[in-house]
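Okay, structure first, notes after.
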Amino acid sequence: MSEVFDGYERQYCELSANLSRKCSSASLLSDLEQKQQQLTEIKASLDEADMLIRKMDLEARSLQPNVKAMLLAKLREYKSDLNNLKREIKKISSSNHDQTREDLLESGMADAYKASGDQRERLTFSTERLNQSSERLRESRRAILEAEQIGGSILEDLSQQRETLLHSHAKLHEVDNAIDKSKKILTAMSRRISKNKWIYGSVVGVLLIAIIFIVYFKLTH
């Protein structure tokens, strides 16, 4: 949820309620000059409300998609509310100025009661929708926090697994070095054994020749 959007939203709700009261008050006025002055103030407030709607729209579109969708849905309700206010103000502005004071009072009172009822109903509906949207946003926020916690736990597990793999890789490297050393030792031993075989064979050959020579010498003499 965006604190900036919340701030614009509070300002708009206050401004909308103020506009509704001013519209009800303007519809009761019989003095054309006072009524025109009231309408001028109302139109200035409408421009401010339009500006707040645009600011909320820009802020909502800059947020994450799940929050953005909820805020844009809420914003559509505010736009509809503002359009209703504009139609109501247009109706008041285009009222017949040639009516008598009694006709204006009677018509104004009837319209005021009707407008007040419609406004109360609209505000009640908007408040209910706002509460529902706020609850959905709170649930979404809880879901996002839970997802962040799960993601953090997964990242921690992956980090531990990475350390384990690095440790295993280091052990395998040490084993490879030990195997290479063992191969070198075995190769050296094999060479020594081969060398010793040749030496032993040579010694045996010399002894055999010596024995043969001694036997032959004894037999001839």
Side-chain angles (χ1 to χ4, degrees), residues 1-20 45-86 119-196:
M1 191 65 176
S2 170
E3 293 182 0
V4 176
F5 186 92
D6 290 342
Y8 292 148
E9 184 179 26
R10 285 193 296 272
Q11 294 179 39
Y12 176 79
C13 290
E14 292 174 0
L15 188 59
S16 176
N18 190 29
L19 279 170
S20 297
S45 297
L46 275 179
D47 292 338
E48 185 179 352
D50 273 325
M51 181 62 69
L52 287 172
I53 288 291
R54 287 194 291 271
K55 288 180 178 180
M56 284 192 285
D57 185 73
L58 290 174
E59 178 64 19
R61 294 182 186 279
S62 67
L63 300 175
Q64 296 178 352
N66 56 344
V67 179
K68 172 183 173 182
M70 295 180 186
L71 295 184
L72 288 179
K74 185 189 296 187
L75 192 58
R76 284 194 291 271
E77 297 176 7
Y78 292 147
K79 288 180 179 179
S80 177
D81 175 72
L82 185 60
N83 289 331
N84 290 335
L85 286 172
K86 288 180 179 178
Q119 290 160 11
R120 283 195 298 270
E121 184 178 354
R122 184 175 64 251
L123 288 174
T124 301
F125 178 75
S126 298
T127 301
E128 292 177 354
R129 294 295 298 273
L130 177 62
N131 291 334
Q132 293 175 0
S133 299
S134 299
E135 182 62 27
R136 287 195 296 269
L137 287 173
R138 283 194 292 270
E139 292 177 357
S140 299
R141 183 182 296 176
R142 285 196 294 269
I144 291 172
L145 290 175
E146 291 176 358
E148 289 179 351
Q149 291 176 354
I150 293 172
S153 177
I154 291 173
L155 288 175
E156 185 178 355
D157 292 340
L158 291 175
S159 177
Q160 292 177 355
Q161 292 176 6
R162 180 176 179 273
E163 291 179 358
T164 302
L165 289 173
L166 291 174
H167 182 70
S168 299
H169 180 73
K171 288 293 185 181
L172 288 174
H173 185 69
E174 292 177 1
V175 171
D176 288 339
N177 290 336
I179 291 173
D180 291 338
K181 290 180 180 178
S182 299
K183 286 181 178 179
K184 290 178 181 179
I185 293 171
L186 290 174
T187 301
M189 291 175 65
S190 177
R191 289 176 180 174
R192 289 178 182 176
I193 292 171
S194 298
K195 185 177 179 181
N196 290 334

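Nothing fancy with the numbering, it's 1 onward along the sequence. All values below come from the heavy atoms of this structure, side chains included, with hydrogens, waters and symmetry mates left out.
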Set of residues satisfying side chain to side chain donor-acceptor pair (under 3.5 Å) with respect to [X], sequence neighbours excluded:
X: Arg54; result: none
X: Asn84; result: Arg87
X: Glu77; result: Arg129
X: Ser16; result: Asp81

Short question: side chain of Asn18, backbone of Glu14 - any donor-acceptor pair under 3.5 Å?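 Between the backbone of Glu14 and the side chain of Asn18 there is no qualifying donor-acceptor contact (under 3.5 Å).
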Can you name the closest pair of heavy atoms from Ser45 and Leu15 and give their distance?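 Closest pair (atom of Ser45, atom of Leu15, distance): O-CD2, 3.5 Å.
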Would you be so kind as to tabulate the donor-acceptor pairs closer than 3.5 Å made by side chains of residues 159-166, with sequence neighbours excluded?
| unit_1 | atom_1 | unit_2 | atom_2 | d |
| --- | --- | --- | --- | --- |
| Thr164 | OG1 | Gln160 | O | 2.9 |

Nearest-0.5 Å distance, CE of residue Met70 to CD of residue Gln64: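 Here the rounded value is 11.0 Å.
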Would you compute the distance between atom CG of Asp57 and atom CZ of Arg76 and round it to the nearest 0.5 angstrom?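 Between Asp57 CG and Arg76 CZ, I get 10.5 Å after rounding to 0.5 Å.
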Using side chain to side chain contact (heavy atoms under 4.5 Å, CB included), reason through Asp50 and Lys86 one step at a time and then give a plain yes or no. CA-CA 11 Å; Asp50 273 325; Lys86 288 180 179 178; 3.1 Å; yes
Using side chain to side chain contact (heavy atoms under 4.5 Å, CB included) as the criterion, point out the one residue from Leu75, Leu72, Asp6, Val4 that pairs with Met56.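 The option that passes is Leu75.
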Using the ring-ring contact (aromatic ring centres under 6.0 Å, His included) criterion, which residues pair with Tyr12? Sequence neighbours excluded.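 Tyr78.
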